[in-house]
Number of protein chains: 2
Amino acid sequence: MDLTVATEKFVAWWGEMGSKWGVNRTVAEIHALFYLSRDPLNADDVAAHLSFSRSNVSSSLHELENWGLISPVHFRGDRKQYYEAIKDPWEMFRVILDERRRREINPTVATLRACLEDVAGSTQEDLYTQERLRAMLEFFEVMIPLYDELRRLPRGPIQNLARLTAKIREVIG
Amino acid sequence: MDLTVATEKFVAWWGEMGSKWGVNRTVAEIHALFYLSRDPLNADDVAAHLSFSRSNVSSSLHELENWGLISPVHFRGDRKQYYEAIKDPWEMFRVILDERRRREINPTVATLRACLEDVAGSTQEDLYTQERLRAMLEFFEVMIPLYDELRRLPRGPIQNLARLTAKIREVIG
DNA sequence: TTGTAATTACAGAAATAACCGTAAAAAACG
DNA sequence: CGTTTTTTACGGTTATTTCTGTAATTACAA
């Protein structure tokens, strides 16, 4: 209970965003609370601050842990399970993207390959479909290695990249 | 009705992905169907192929049009409204990202600014929160211009970027 | 106009997802 | 060990989203 206006506003917005990106609103709100909180929180803290049931909080914490966005913290002499969030946005989004890649992008590539197998000995009619599937697969096959490279760059060089690509456009344009 | 195995599989998968990224499953499936289809389709075609109600198809087509992923096509002497999808994956994902930026990223930046205003004359206690909000805002303020640059690059240079960033890491690492 | 075909709006039904409270289980102490 | 505290699992409920069918509207051709 009793969050500041700014915290309240950010938590609500982050929940809203979550729901637009396929993340449970409650999970996203809890994540936002952890992100803004200086100190680790336990399930009761979260339940009290956001007025969710303990059980709902419990499973949401699990989900956030599975995503790698929060990690457990223990205090000696306190049995409760505390958690704290990744606090650096760069690291945080890297974790999210890595996880989405693992869960969704990789299987998508696998599915595309499977579809291409299915359509391999193709009649004239399916040739167009085959072509579309191949184009999509090629897209991922370029973007995935690019992401793999970008994710390893520290933020300094990333900031310069914008300037660099502007230059590239200038040269070729 | 009577889609090929590959089409069926891809449509189902795309719907699955949609639901994980905050897009209505039906809308995503219809989009997939358009993507794979050589010829423009009308609402009846879609309803027949995927066994959705006409009205459901109608509103889904609208939504896809709002996203800019399909566009209307007319055939002389045929009153029906046909649509066709963007067929180039590069262009397609660019449209999706642009739209998500407009709908979600820009408002997020605005919200962050608003939160920072709220927390401006801050007590000691809120100082940490303020810091977190600022860090998040800074992240977006670097990534948005970078995206703006990348989205304007044709795919050739993008393919080389991966190699380039590998080089950068090599030099600084 | 008038009739016909296509589209859209809407309200209720169906399906899905989210949430809570309780009870069982597990873990941490003495 | 037994006790206490914390965590998890589960069944039922509520809420939300999705989907459908019908009715109203619009666009078009004769």
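All chains are named by letter (A, B, ...) in the order of the sequence lines, taking the proteins before the strands, and each is independently numbered beginning at 1.
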(request) Estimate the overall bend of the helix from dT1(C)-dA30(D) to dG30(C)-dC1(D) from the end axes over five pairs each, rounded to 10 degrees. (result)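 That helix has its two terminal axes inclined by roughly 30°.
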Atom-to-atom span, [atom1] of [X] to [atom2] of [N] - whole angstrom:
{"X": "Leu61(B)", "N": "dT8(C)", "atom1": "CG", "atom2": "C1'", "value": "12 Å"}
{"X": "Glu63(B)", "N": "dC19(D)", "atom1": "CD", "atom2": "P", "value": "11 Å"}
{"X": "Gln81(A)", "N": "dA28(C)", "atom1": "CD", "atom2": "P", "value": "9 Å"}
{"X": "Asp78(B)", "N": "dA6(C)", "atom1": "CG", "atom2": "C1'", "value": "10 Å"}
{"X": "His62(B)", "N": "dT18(D)", "atom1": "NE2", "atom2": "P", "value": "18 Å"}
{"X": "Asp45(A)", "N": "dT7(D)", "atom1": "CG", "atom2": "P", "value": "10 Å"}
{"X": "His74(B)", "N": "dA29(D)", "atom1": "NE2", "atom2": "P", "value": "11 Å"}
{"X": "Phe52(B)", "N": "dT17(D)", "atom1": "CZ", "atom2": "C1'", "value": "15 Å"}

Just to be sure I understand the rule, does [X] reach a base, reach only the sugar-phosphate, or reach nothing, if contact means heavy atoms closer than 4.0 Å?
{"X": "Asn56(B)", "answer": "base"}
{"X": "Ser59(B)", "answer": "nothing"}
{"X": "Arg25(B)", "answer": "nothing"}
{"X": "Asn24(A)", "answer": "sugar-phosphate"}

Report the distance from atom [atom1] of [X] to atom [atom2] of [Y], rounding to the nearest 0.5 Å.
{"X": "Glu138(B)", "Y": "Trp90(A)", "atom1": "CD", "atom2": "CH2", "answer": "9.5 Å"}
{"X": "Asp126(A)", "Y": "Arg38(B)", "atom1": "CG", "atom2": "CZ", "answer": "9.5 Å"}
{"X": "Gln81(B)", "Y": "Asn42(B)", "atom1": "CD", "atom2": "CG", "answer": "9.5 Å"}
{"X": "Leu164(A)", "Y": "Asn160(A)", "atom1": "CG", "atom2": "CG", "answer": "8.5 Å"}

(request) Starting from the 5' end of DNA chain C, give me the residue, Arg76(A) or Val57(A), whose nearest nucleotide shows up first. (result)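 It is Val57(A) whose nearest nucleotide is closer to the 5' end.
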(request) Using the closest heavy atom to pick a nucleotide of DNA chain C for each, name whichever of Val23(A) or Arg54(B) lands nearer the 5' end. (result)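 Counting from the 5' end, the first nearest nucleotide belongs to Arg54(B).
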(message) Counting distance alone, no hydrogens or angles: does the base of dT4(D) have a donor or acceptor under 3.5 Å from a partner atom on the side chain of Arg79(A)?
(response)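 Yes, the side chain and the base share a sub-3.5 Å donor-acceptor pair.
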(request) Please state whether the base of dG21(D) and the side chain of Ser53(B) form at least one donor-acceptor pair under 3.5 Å? (result)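 In this structure, the two groups form no donor-acceptor pair.
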(message) Check the phosphate of dA9(C) against Ser55(B), side-chain N and O only, distance under 4.0 Å to OP1 or OP2. Yes or no?
(response)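 Answer no for this pair, as no side-chain N or O of Ser55(B) is under 4.0 Å from OP1 or OP2.
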(message) Please pick, from dT18(D), dC20(C), dT7(C), the nucleotide with the shortest atom-to-atom distance to any side-chain atom of Lys80(B).
(response)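 Given the options dT18(D), dC20(C), dT7(C), the side chain of Lys80(B) is closest to dT7(C).
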(request) Measure from the side chain of Ser58(A), starting at C-beta and using heavy atoms only, and say which of dT8(D), dA18(C), dC19(D) lies closest. (result)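 Between dT8(D), dA18(C), dC19(D), the one nearest the side chain of Ser58(A) would be dT8(D).
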(request) Consider only side-chain N and O atoms of Thr7(A) and Thr4(A), and report whether a donor and an acceptor are under 3.5 Å apart. (result)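 Yes, Thr4(A) and Thr7(A) have a side-chain donor paired with an acceptor closer than 3.5 Å.
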(request) Report yes or no: do Asp98(B) and Tyr147(B) form a side-chain donor-acceptor pair below 3.5 Å? (result)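 The criterion, which ignores hydrogens and geometry beyond distance, is satisfied for Tyr147(B) and Asp98(B).
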(request) Using the six-membered ring of Tyr128(A), assess whether NZ or CZ of Arg132(A) lies under 6.0 Å from its centre and within 45 degrees of the ring axis. (result)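 Here Arg132(A) passes the 6.0 Å and 45° test against Tyr128(A).
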(request) On the 0 to 90° scale, with breaks at 30° and 60°, tag the Trp14(B)-His31(B) ring pair as parallel, tilted or perpendicular. (result)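 Because their plane-to-plane angle lies in the 30° to 60° range, the rings of Trp14(B) and His31(B) count as tilted.
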